[in-house]
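Counting starts at 1 for both ligands and their atoms, in listed order. Bear in mind that the values here come from a model prediction, so they are computed numbers and not experimental data.
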Amino acid sequence: MKKITLLSMAAIAALATEPIAIQKITVESDTAKSDIASKELATSKSKTMTGDVAEILTDIPGVSIYNMGSRASLPVIHGMADDRVKIDIDGMTITSACPNHMNPALSYIDTSKIEAIEVMAGITPVSEGGDSIGGTIAVKSKDPLFASKSGEALISGEISGFYHSNNQARGASVSATAANDKVSVNYSGYSEKANNYKNGNGTIVKDTLYQQQNQSATIAYKISSDDVVSLKLTKTNADYIGFPNEYMDMLGNESTSGNLSYKGKVGALLIDANAYRQDTDHYMNKILSERTGNMPMYTEAEESGVNLKATLPYSHTQIFEFGADYNRYRLNDWWPAAGGMMKGMNPNTFWNINDGQRDRIGLFAEAHSQWSEKLSSVIGARYDRVSMDTGDVVGYNDGTGAYSMAANDPVDAGYFNALDHKKSDNNFDLTATTKYEYSNTADMEIGVAQKTRSPNIYERYSWAGSKPSVTLTNPMKMDMRMINWFGDANGYTGNLNLKPEVAHTLSTTLSLHDSAEKDWGLKLTPYYTKVKDYIDVKTVVAPTVASVGYYQFINADAHLFGADLSGYATLWDNSDNGKGTLKGNLSYTRGFRDNGGSLYHMMPLHAKMSLDRVSGAWSNGIDVETVDDKESVDTLRKEPLTPGYALVDLRTGYAWSKQFNMDFSITNLFNHAYALPLGGVDVVNYSASTYTPLQGMGRSFNAALSYKF
Ligand SMILES: [Cu+2]
């Protein structure tokens, strides 16, 4: 549940106007609050140590990473990943503009720019949800800084850098602000580059290299102490990112975005509003130092939107929130002619998505109520209308003469073009959570929700191989293998008859802690979700030992369940030895089709224990992560089993002064060789006759420095 439900009602108004000034990563998991200080310790990875935002989320109970290539990981919450999780960055919705989802929302920001990440793992309030059935991850970048008094000037900034020995990953960030009490101007830049990493056997895992940069400039104006308006412009550029679990690599991704936001007071209403736009140009082919072949593929996307949220502090015990959001998305996806495949990829441009459109308008209302000192609730409803359409498509050739081998391209395109592409969904979400504080050391929350997600453009409109009862030719199979954001090497096609998926979730959190919530805490969150019309797959061509399978997206009922257990305890706290904290979490999740069989990419049982010691300028820690064998796999898609493993990390940090900070760590201390349970299959590094699971990184010595001024 959101932070605000946990505070007194008087504090809510204050919170709603004042950005929560937390320098560190804060995490609000599920229906329970997390102690900010202890959560900071739980985030063992120093923010300056990696640029990957998804990576620092993995310490949160119930959150795992679904590895797509080396630098585009997707968070998974309670078995739901990718488009099922709502991710917004400062109120911007960013949709992956790629048939392999190589450019997800979190790939457009790095850790150096982040002030806070709010993770709602369980029941997400309707004010934070919409068009998603998993949790919500709200990334908030650093707030503009202003001088405290008129006539004063404020100059501040930060420089940081990191290096990882395993893959020679290095990154640097710089941020500088100049402000007076009214106007604040900030520039932030970030750049990183890595070579291929080595696994625990010392073998290079090819195609895991990357290089990218981003820059942003923000200007903010303080109208009054309550009202701030800001404009942020961001430009990102990925030169190359290898994707060993896809047939393609990213050879260029450029985006330009603008986000205008306003936070302030209008009469009694607290207003939070923003308007944004992002244009993305994406290019895929193969990184020739890593693999051979030529198949140019382009996408371009334009995404814009408006969010308006109003909070009305109605009384000391009732707060109402209501709002509207609008998202407009346009996508083109085309593959120019190229040699090869017996002239199958000639002579025309293959149009995968031609003028794809997906527009969403949402309305919501939510009541936060404090019924008594012990009992509070949040109840909300939202409506989303999703409208989609796309233009006609064309294949590489007309299937005659020299191109007769690829005869199914035009057959498919004609079938698709003759069908109606226009789709509209009316989606209703409902959320109710209640919290009962049984005593000052025990509380309980229970929540129910109905949440809905409409299909994405590729699920509805990918057309190659979509015509029923046509025998797939090799060129068609290749076209289908290009549609894959699962990292499993299979081929997929869309379905114009897909309905939105509707999830019904019941989740509860039992929390025990000391009365100050400082010394120890223990939390258990079991959950159950029944999904009607889960967007799953049906087999078109079954996989064999030596070959991959081909599938079409369909609706199928499914259910997911699991539990997260987490806790922390202060072991010692004295002037001689500083403070020692033991933390741990354990997550179990499973998902099945109602008619049998596991859903794809369910993280096996896993646990993490951390021991931290903070003493003066030093902070040291050890983390042990254990992951069970992956046994519950999607046999329909030939999902590989992966063995269990344990990894040990050591880390130490030293603060020379308030300005200067150093961090060192050794990750995978024992250089253990292991397969990533959610890494899919590796189509670049394999020697057997069949693809093998993607291997994780071996031992790495890492260092990071940061200097604030
Ligand atoms: Cu791509």
Side-chain angles (χ1 to χ4, degrees), residues 52 54 66-74 81-83 87 94-109 206-214 236-257 278-303 329-336 338 345 349-354 356 358 390 393 456-459 461-464 478-494 679-684 694:
D52 194 347
Y66 176 133
N67 314 78
M68 286 295 291
S70 44
R71 186 54 179 83
S73 10
L74 296 159
D82 209 337
D83 286 351
I87 299 177
I94 300 170
T95 307
S96 291
C98 163
N100 301 157
H101 288 193
M102 289 177 171
N103 46 13
L106 293 183
S107 68
Y108 290 101
I109 191 162
K206 283 179 89 170
D207 210 19
T208 55
L209 68 183
Y210 56 86
Q211 177 173 309
Q212 61 178 348
Q213 312 89 38
N214 68 54
T236 72
N237 176 45
D239 301 305
Y240 54 85
I241 297 185
F243 282 79
N245 54 3
E246 293 292 342
Y247 295 101
M248 305 302 294
D249 298 312
M250 187 153 102
L251 275 154
N253 195 82
E254 281 182 33
S255 82
T256 310
S257 68
Q278 172 158 317
D279 289 355
T280 305
D281 287 304
H282 175 76
Y283 170 56
M284 289 196 283
N285 208 325
K286 299 172 196 278
I287 300 177
L288 292 175
S289 59
E290 311 303 305
R291 52 175 146 190
T292 56
N294 177 37
M295 186 178 180
M297 296 169 71
Y298 292 87
T299 51
E300 61 175 19
E302 288 173 16
E303 187 155 24
Y329 184 62
R330 295 290 178 271
L331 177 75
N332 281 311
D333 183 329
W334 71 99
W335 312 343
M345 299 195 306
T349 294
F350 182 105
W351 277 88
N352 188 33
I353 303 287
N354 177 21
R358 194 180 191 276
T390 186
V393 293
N456 67 37
I457 283 184
Y458 289 107
E459 286 166 336
Y461 297 136
S462 298
W463 58 273
M478 185 206 61
D479 298 340
M480 288 175 74
R481 289 198 301 272
M482 299 300 114
I483 313 298
N484 184 327
W485 50 92
F486 308 99
D488 64 1
N490 294 313
Y492 294 87
T493 192
V681 297
D682 190 335
V683 303
V684 177
L694 183 61

May I ask you to check whether H101 brings an N, O or S atom to under 2.8 Å from the Cu ion (ligand 1)?
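Coordinating: no.
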
If I take every N, O or S atom of M284, is at least one of them less than 2.8 Å from the Cu ion (ligand 1)?
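Given the 2.8 Å cut-off, M284 counts as a ligand of the Cu ion (ligand 1).
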
Assess, by modelled atom type and distance only, whether the side chains of Y108 and N253 contain a donor and an acceptor separated by less than 3.5 Å.
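On atom types as modelled, these side chains qualify, holding a pair under 3.5 Å.
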
May I ask you to check whether T95 and N456 show a side-chain donor-acceptor distance below 3.5 Å?
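No pair is found: no donor N or O on one side chain lies under 3.5 Å from an acceptor on the other.
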
To 10°, measure the NE2(H282)-the Cu ion (ligand 1)-SD(M102) angle for me.
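Answer comes to 110°, rounded to 10°.
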
Applying side-chain contact (heavy atoms from CB on, under 4.5 Å) between L694 and each of V681, D682, V684, report the one that passes.
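So the option named by the test is D682.
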
Under the criterion side-chain hydrogen bond (donor to acceptor under 3.5 Å, both in side chains), which of W351, Y458, Y461 is the partner of D333?
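Answer to the side-chain hydrogen bond (donor to acceptor under 3.5 Å, both in side chains) test with D333 among W351, Y458, Y461: Y458.
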
